[in-house]
Visitor: 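Sending over a structure as structure tokens; questions will come in a sec.
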Amino acid sequence: SALMWATYYLSRHQDVQDRARAEVAEVVDRCGGLEEFGSEELKQLTYLQQVINEVLRLSGVIQTVGRNLRKDTAVDSITVPAGTYVQMNIQGVHYNEPVWPDPERFDTDRFSPDHDLRHPYAFIPFATGPCNCIGKQFAMDEMSVTLSMMLQRFRLLPDPNAPEPYWSVLAASYPA
């Protein structure tokens with residue numbers, strides 16, 4: 001799903017696609033070709049990481065995450081007792097306008113080193129804490145490699161007849 005959304009946004013933002021493609025070409029040339037491309041080269045694809053992060057912010061795979069509280073927890077002036085099952089709306093966090101101005105706009109510069117001053121929990125596409133996604137690094141590497149190969153071989157273009165995507169989030173709560 002994340003790769004599908006990445007191709008969607010890249011097709012609609014040709015300037016972003018061109019910049020990511022140029023970065024990939026530069027890194028691949030510097031290492032001596034695709035045959036020599038490895039984990040060290042993935043770390044050099046900083047702009048592609050910005051693209052992937054913005055895709056995950058706008059259209060993340062995980063929309064909500066639930067936890068059972070292990071201890072009483074104060075939230076503002078309310079105390080939530082231990083044992084309560086709580087859900088966090090990750091999409092709501094990623095569209096929080098005070099943190100992400102104009103939150104529905106695709107803007108890869110949100111993840112540039114200049115904007116690295118926000119709260120560490122403002123961007124949590126794989127959840128966070130001891131129960132976060134065990135496959136996070138694999139997923140990020142897979143997206144980087146796949147998009148790198150796609151950008152080297154193809155130009156992504158939007159389908160002018162495709163409808164705009166419709167987002168719908170269904171959340172259900174079950175007793176612990």
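Numbering starts at 1 and runs along the sequence shown.
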Visitor: Is there side-chain contact between Gln137 and Asp141, with at least one heavy-atom pair below 4.5 Å?
Guide: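 SC-SC contact between Gln137 and Asp141 confirmed.
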Visitor: With a 3.5 Å distance limit and no angle check, can you tell me whether Asp109 reaches the backbone of Ser112 through a side-chain donor-acceptor pair?
Guide: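 No, Asp109 side chain to Ser112 backbone: no donor-acceptor pair under 3.5 Å.
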Visitor: Extract all donor-acceptor atom pairs below 3.5 Å that involve side chains of residues 146-154 and protein atoms in other chains or at least two apart in sequence.
Guide:
from   : atom 1 : to     : atom 2 : distance (Å)
Thr146 : OG1    : Glu142 : O      : 2.8
Ser148 : OG     : Ser144 : O      : 2.6
Arg153 : NH1    : Met149 : O      : 3.4

Visitor: With a 4.5 Å cut-off on side-chain heavy atoms, are Gln50 and Pro113 touching?
Guide: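 Pro113 vs Gln50: side chains touch.
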Visitor: Could you tell me if the side chain of Leu48 sits less than 4.5 Å from the side chain of Glu23, heavy atoms only?
Guide: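 Of all side-chain heavy-atom pairs linking Leu48 with Glu23, at least one is under 4.5 Å.
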Visitor: Check whether any side-chain heavy atom of Val99 sits under 4.5 Å from a side-chain heavy atom of His119, and report yes or no.
Guide: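 No; the side chains remain at least 4.5 Å from each other.
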Visitor: Please list, chain by chain and in numerical order, all residues satisfying ring pair (Phe, Tyr, Trp, His ring centres under 6.0 Å) with Phe126, sequence neighbours excluded.
Guide: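 Result, ring pair (Phe, Tyr, Trp, His ring centres under 6.0 Å) vs Phe126: none returned.
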Visitor: Strictly by modelled atom types, are Tyr47 and Thr108 linked by a side-chain donor-acceptor pair under 3.5 Å?
Guide: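 Yes, side-chain donor-acceptor contact under 3.5 Å.
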Visitor: Asn68 versus Thr84: any side-chain heavy-atom pair under 4.5 Å?
Guide: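 Side chain of Asn68 against side chain of Thr84, heavy atoms only: no contact under 4.5 Å found.
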Visitor: The criterion is ring pair (Phe, Tyr, Trp, His ring centres under 6.0 Å); which residues satisfy it with Phe37, sequence neighbours excluded?
Guide: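 Phe37 satisfies ring pair (Phe, Tyr, Trp, His ring centres under 6.0 Å) with no residue once adjacent residues are dropped.
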Visitor: Can a donor-acceptor pair be found, under 3.5 Å and without considering hydrogens, that links the side chain of Thr7 to the backbone of Met4?
Guide: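 Pair found, side chain donor or acceptor close to backbone of Met4.
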Visitor: Taking the basic N atoms (NZ, or NE/NH1/NH2) and the acidic carboxylate oxygens, is any pair closer than 4.0 Å for Arg30 and Glu26?
Guide: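 Yes.
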Visitor: Going by side chain to side chain contact (heavy atoms under 4.5 Å, CB included), name the residues that satisfy it together with Pro158, two or more places apart in sequence or in a different chain.
Guide: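 Result, side chain to side chain contact (heavy atoms under 4.5 Å, CB included) vs Pro158: Ser11, Arg12, Gln14.
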Visitor: With side chain to side chain contact (heavy atoms under 4.5 Å, CB included) as the test, pick out the partner of Leu58 among Tyr8, Trp5, Tyr9.
Guide: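 Only one option passes, and that is Tyr9.
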Visitor: For Leu10, is there any backbone N or O sitting under 3.5 Å from a side-chain donor or acceptor partner on Gln17?
Guide: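 Checked: pair present.
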Visitor: If only atom types and distance count, is the side chain of Asp76 paired as donor or acceptor with the main-chain N or O of Ile78 below 3.5 Å?
Guide: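 Checking the backbone N and O of Ile78 against the side chain of Asp76, no donor-acceptor pair under 3.5 Å is found.
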Visitor: Taking Gln91 for the side chain and Thr64 for the main chain, is one N or O donor matched with an acceptor at less than 3.5 Å?
Guide: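 Pair absent, no side-chain N/O of Gln91 close to backbone of Thr64.
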Visitor: Hey, could you give me each pair passing ring pair (Phe, Tyr, Trp, His ring centres under 6.0 Å) that has a residue in residues 12-35? Not counting sequence neighbours.
Guide: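 Only His13-Phe106 qualify under ring pair (Phe, Tyr, Trp, His ring centres under 6.0 Å).
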Visitor: Is the backbone of Ala82 close enough, under 3.5 Å, to the side chain of Asp72 for a donor and an acceptor to pair up by distance?
Guide: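 Yes, Asp72 side chain to Ala82 backbone: donor-acceptor pair under 3.5 Å.
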Visitor: Just grab all the salt bridge (Lys or Arg N to Asp or Glu O under 4.0 Å) pairs involving residues 50-68, residues at least two apart or on different chains.
Guide: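 Every pair satisfying salt bridge (Lys or Arg N to Asp or Glu O under 4.0 Å) with a residue in residues 50-68: Glu54-Arg57, Glu54-Arg110.
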Visitor: Please name the pair of heavy atoms, one in Tyr95 and one in Trp100, separated by the smallest distance, quoted to 0.1 Å.
Guide: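 Closest approach of Tyr95 to Trp100, heavy atoms only: N-CD1, 4.3 Å.
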